[in-house]
Visitor: 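Structure provided below as structure tokens; questions to follow.
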Amino acid sequence: MRNPTYINFEGITNGFRIYTDDGAVWNNFSADTMNLGWGDMFDEHIGIRHFSADGEGSDTAGFTFLERYNDGLPPYFNDIAFKITIGPFDNSAEGTTICLDSAMFGYGGYWLWAYNDGIDIYKPPWNGPYFFTISNKITYSGQLFYTDPVPPTISQEPIRNVTIEMWDNDLITDQLLDVTVTENDGSFAFGPVDNTDDGGLSGQDVYFRIYAANDATTVREEYDGDIHKIETPEQPDLPSGVYDTTIIADATASGPFFIADAALVAQDYWINVTGMYAPLIQIISNNEAYGTYYDPDSIYIHILNISDNPDTYDKDVIMHEYGHFLEGNYQFFDDWDPGPHGWFSISTPEIAATEGFATFFSDAVRNDSFYHDLYNNFADTDSYNAENGQDLFNSQINGSANDYGIKYEGAVCCLLWDIYDYPDDDYSTYQVPPAPWPNAYNPDGTGDALYMGAYDIFDVLLNRFIDGHRPHDIIEFWRAWFQSPSKGHGQEMLDIYYEHGICRLGDANEDGVVNVGDVTYLMNFVFKDGPSPVPMEIGDTNSDGSINIGDPVYLINFIFKSGTPLCPN
């Protein structure tokens, strides 16, 4: 009720009419005033007059107030003054319409307000009728967010592609009302859902369950254990209607959703690049003491969740482990060492390829050459730069594995990155005072001149076979790269392998070593029309741009007379 004037009103009479044009039926009608201190404004409250309160025809209520000694309704009064209740409605009323209109018992059907001792009459405007669609349903929509606590800023990110359930809390067994999956922006929508509870005496007691489960993963508390979930507080006896909400999981509950989202990003990237579906992977997130790792036997990823090593909130690490899952699922670079390993650790060519690829995959998904491993509740960071092989702890350079060779995961990761990334970023002349970087090498000055992206790398690993299996190390990757139809770029690949301490020059027969067999292979090619080296550049041992008698002679000098080395290492 609103008094838009600057004068007091000494008497007011308002009336309302409820009716339907399309058959809505209700079994109760009541009207009352809100507690707005009417006694301080009016001396007499003549009361509420009801007519026909059975849903037949129309129901009418009138409100009348008079003042004798008080001031009446003050100027510019604007507040909710009356409450009209109808219903409940049975199911047959669903979708029908009720109408609220002004009703008055006097001439013309106006609300009548009086001032100046009732002499002057004011007729307040009424903009009705108003129409309402009857629904005994709940429609609920909203957005879900998790909290990303990684410095420098805490942010809320959408919980994408996860299962969310709408429940009714009952005394014995809770009832599942509806289930849906969130969109990419975290949005969801339920309903319309029936809102009849306790035999029709009340509305549903609604709460939500949100599961850390999407198309890429289910995040569990233990082997075959419950899926991590959060539950919202109950909303008891929720009235029918349309609702919207925003649900934000705090940092203590967000970890499983952070993990699920990182896995989903990795899966989306894999599918977009390869066109191949990546199956569901189970992830365990807890504070067990075994660390973060992929278990190829159980096909589980374990994510360590302790403050000293908060991998739960480290996308780089989660995507690294997802890379291991892909290796195991598609059986390339799939040799795991259960023991510790590191950027500078010497291992086998197979393990170096396994770990190097996983780090490269994480970098490629994020399109970022830096891989960050977080420690000490985010206070410390160990970073690896695939561009130049550096290891940096809290920005302090600890050396580079760029040219360490086939048995080092750091060198393998950098090699794959140089095939993937933008060209002309060679670090062969990179220096850190006072000394140049050790053993960096590029023989023809071109350095890293490739920008292949991830597709060709994945294509070689998935669709080419060496001795009946997909590549197991970075040398078998080389051989697969140049299988027919060759991916090409022989000189650029030689340069990239050289830069990372892996010598391919001179191994003309592709047996993995340079020896007299390669001399024979080149002699047969030059003089007897034998098979050519693949790629041709591998046989150009003296780097003069062609394969001729000079190349086997160069090899003979290298093998038997300690001639000029083919490679720096």
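When a residue number appears, it is its place in the shown sequence, counting from 1.
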Visitor: Considering non-hydrogen atoms only, spot the tightest contact between L177 and V206 and give its length.
Guide: CD1-CG2, 4.3 Å
Visitor: Determine whether Q204 and I138 make a side-chain contact, defined as any pair of heavy atoms from C-beta on separated by less than 4.5 Å.
Guide: yes
Visitor: Indicate the atoms forming the closest heavy-atom contact of V412 with A353, along with that distance.
Guide: CG1-CA, 3.9 Å
Visitor: What pair of heavy atoms forms the shortest contact from A386 to D363, and how long is it?
Guide: CB-OD2, 3.6 Å
Visitor: Between N161 and N214, is any side-chain donor less than 3.5 angstrom from a side-chain acceptor?
Guide: no
Visitor: Taking C-beta and beyond as the side chain, do Y243 and L238 meet within less than 4.5 Å on heavy atoms?
Guide: yes
Visitor: Evaluate the side chain to side chain donor-acceptor pair (under 3.5 Å) criterion for residues Y371 and D373: first the C-alpha distance (whole Å), next the side-chain angles of each, then the deciding distance (0.1 Å), finally the verdict.
Guide: CA-CA 7 Å; Y371 176 92; D373 201 352; 5.4 Å; no
Visitor: Is a donor on one side and an acceptor on the other found under 3.5 Å between the side chain of S254 and the backbone of A249?
Guide: yes
Visitor: Is any side-chain heavy atom of I351 closer than 4.5 Å to a side-chain heavy atom of E409?
Guide: no
Visitor: Where the side chain of D205 meets the backbone of D237, is there a donor-acceptor pair that is under 3.5 Å apart?
Guide: yes
Visitor: Kindly compute the distance separating CD1 (I301) from NE2 (H320), expressed to the nearest 0.5 Å.
Guide: 10.0 Å
Visitor: So does P149 get a backbone contact from the side chain of T147, meaning a donor-acceptor N/O pair under 3.5 Å?
Guide: no
Visitor: Nearest 0.5 Å, what's the OH-CD1 distance between Y140 and I164?
Guide: 10.0 Å
Visitor: Show your working on side chain to side chain contact (heavy atoms under 4.5 Å, CB included) between D194 and K137 and close with a plain yes or no.
Guide: CA-CA 5 Å; D194 182 69; K137 305 287 185 181; 4.1 Å; yes
Visitor: Check for a donor-acceptor pair, side chain of D511 on one end and backbone N or O of V513 on the other, with a separation under 3.5 Å.
Guide: yes
Visitor: Could you list the donor-acceptor pairs under 3.5 angstrom formed between side-chain atoms of residues 465-474 and any protein atom two or more places apart in sequence or on another chain?
Guide:
unit_1	atom_1	unit_2	atom_2	d
H469	ND1	I466	O	3.1
H469	NE2	I466	O	3.2
H469	NE2	E476	OE1	3.1
H469	NE2	E476	OE2	3.3
R470	NE	L462	O	2.6
R470	NH1	Y330	O	2.7
R470	NH2	L462	O	3.2
D473	OD1	I475	N	2.9
D473	OD1	E476	N	2.8

Visitor: Is the count of non-hydrogen atoms from other residues, nucleotides or ligands lying under 6.0 Å from K315 atom NZ greater than 12?
Guide: yes
Visitor: A side-chain contact here means heavy atoms from C-beta on lying under 4.5 Å apart; do D295 and Q282 qualify?
Guide: no
Visitor: What residue pairs, at least two apart or across chains, pass salt bridge (charged side-chain N to carboxylate O under 4.0 Å, His left out) with a residue in residues 316-330?
Guide: D316-R366
Visitor: Would you mind reporting whether E165 and L176 have side-chain heavy atoms less than 4.5 Å apart?
Guide: yes
Visitor: Between I318 and D311, is a side chain to side chain contact (heavy atoms under 4.5 Å, CB included) present by the stated rule, with each step listed?
Guide: CA-CA 7 Å; I318 297 166; D311 289 345; 5.8 Å; no
Visitor: Answer whether the closest heavy-atom distance between the side chains of S285 and H228 falls below 4.5 Å.
Guide: yes
Visitor: Can you tell me if D314 uses its side chain to pair, donor with acceptor, with the backbone of L374 under 3.5 Å?
Guide: yes
Visitor: Please find the pair of heavy atoms, one from W167 and one from D174, that lie closest to each other, and give the distance.
Guide: CZ3-O, 3.5 Å
Visitor: How many angstroms lie between atom CG of D456 and atom NE2 of H489, to the nearest 0.5 angstrom?
Guide: 7.5 Å
Visitor: Do D382 and Y384 have side-chain atoms, one donor and one acceptor, less than 3.5 Å apart?
Guide: yes
Visitor: How far does OG1 of T217 sit from CD1 of I283, to the nearest 0.5 angstrom?
Guide: 3.5 Å
Visitor: Using a 3.5 Å distance criterion without hydrogens, assess whether the side chain of Y313 forms a donor-acceptor pair with backbone atoms of A251.
Guide: yes
Visitor: Apply side chain to side chain contact (heavy atoms under 4.5 Å, CB included) to W481 and I419, showing your working.
Guide: CA-CA 11 Å; W481 182 276; I419 297 172; 3.9 Å; yes
Visitor: What side-chain donor-acceptor pairs closer than 3.5 Å can you find for residues 268-275, not counting sequence neighbours?
Guide:
unit_1	atom_1	unit_2	atom_2	d
N272	ND2	D268	O	3.0
T274	OG1	W270	O	2.7
T274	OG1	M276	N	3.0

Visitor: Regarding N388 and N402, do their side chains bring together a donor and an acceptor under 3.5 Å, going by distance alone?
Guide: no
Visitor: Tell me if a side-chain donor or acceptor on Q143 pairs with a main-chain N or O of D185 at a distance below 3.5 Å.
Guide: yes
Visitor: Under the criterion side chain to side chain contact (heavy atoms under 4.5 Å, CB included), I'd like the reasoning laid out for Y277 against Q267: C-alpha separation, chi angles, the key distance, then a yes or no.
Guide: CA-CA 8 Å; Y277 175 71; Q267 184 198 58; 4.2 Å; yes
Visitor: State, to 0.1 Å, how close T354 and H324 come at their nearest heavy-atom pair, and which atoms those are.
Guide: O-CE1, 3.4 Å
Visitor: Heavy-atom count around Y455 OH within 6.0 Å, excluding the residue itself: above 12?
Guide: no
Visitor: Tell me if a side-chain donor or acceptor on S369 pairs with a main-chain N or O of N385 at a distance below 3.5 Å.
Guide: no
Visitor: Tell me yes or no: between the side chains of S155 and E157, is some donor less than 3.5 Å from an acceptor?
Guide: yes
Visitor: Quick one: which of F477, F458, F357 gives a ring-ring contact (aromatic ring centres under 6.0 Å, His included) with F332?
Guide: F357
Visitor: Return yes if some donor-acceptor pair links the side-chain N/O of H302 with the main-chain N/O of I284 below 3.5 Å, else return no.
Guide: no
Visitor: Side-chain contact test, heavy atoms from C-beta onward, threshold under 4.5 Å: evaluate it for T359 versus S362 and give yes or no.
Guide: no
Visitor: Please report the shortest heavy-atom distance between G356 and C413, naming the atom on each side.
Guide: O-CB, 3.5 Å
Visitor: What distance separates I230 CD1 from R209 CZ, expressed to the nearest 0.5 Å?
Guide: 12.5 Å
Visitor: Could you give the distance from CG (N329) to CD1 (I299), rounded to the nearest 0.5 Å?
Guide: 7.5 Å
Visitor: Are the side chain of T218 and the backbone N or O of I227 linked by a donor-acceptor pair below 3.5 Å?
Guide: no
Visitor: Decide yes or no for E492 and M452: does some side-chain heavy atom of the first lie under 4.5 Å from some side-chain heavy atom of the second?
Guide: no
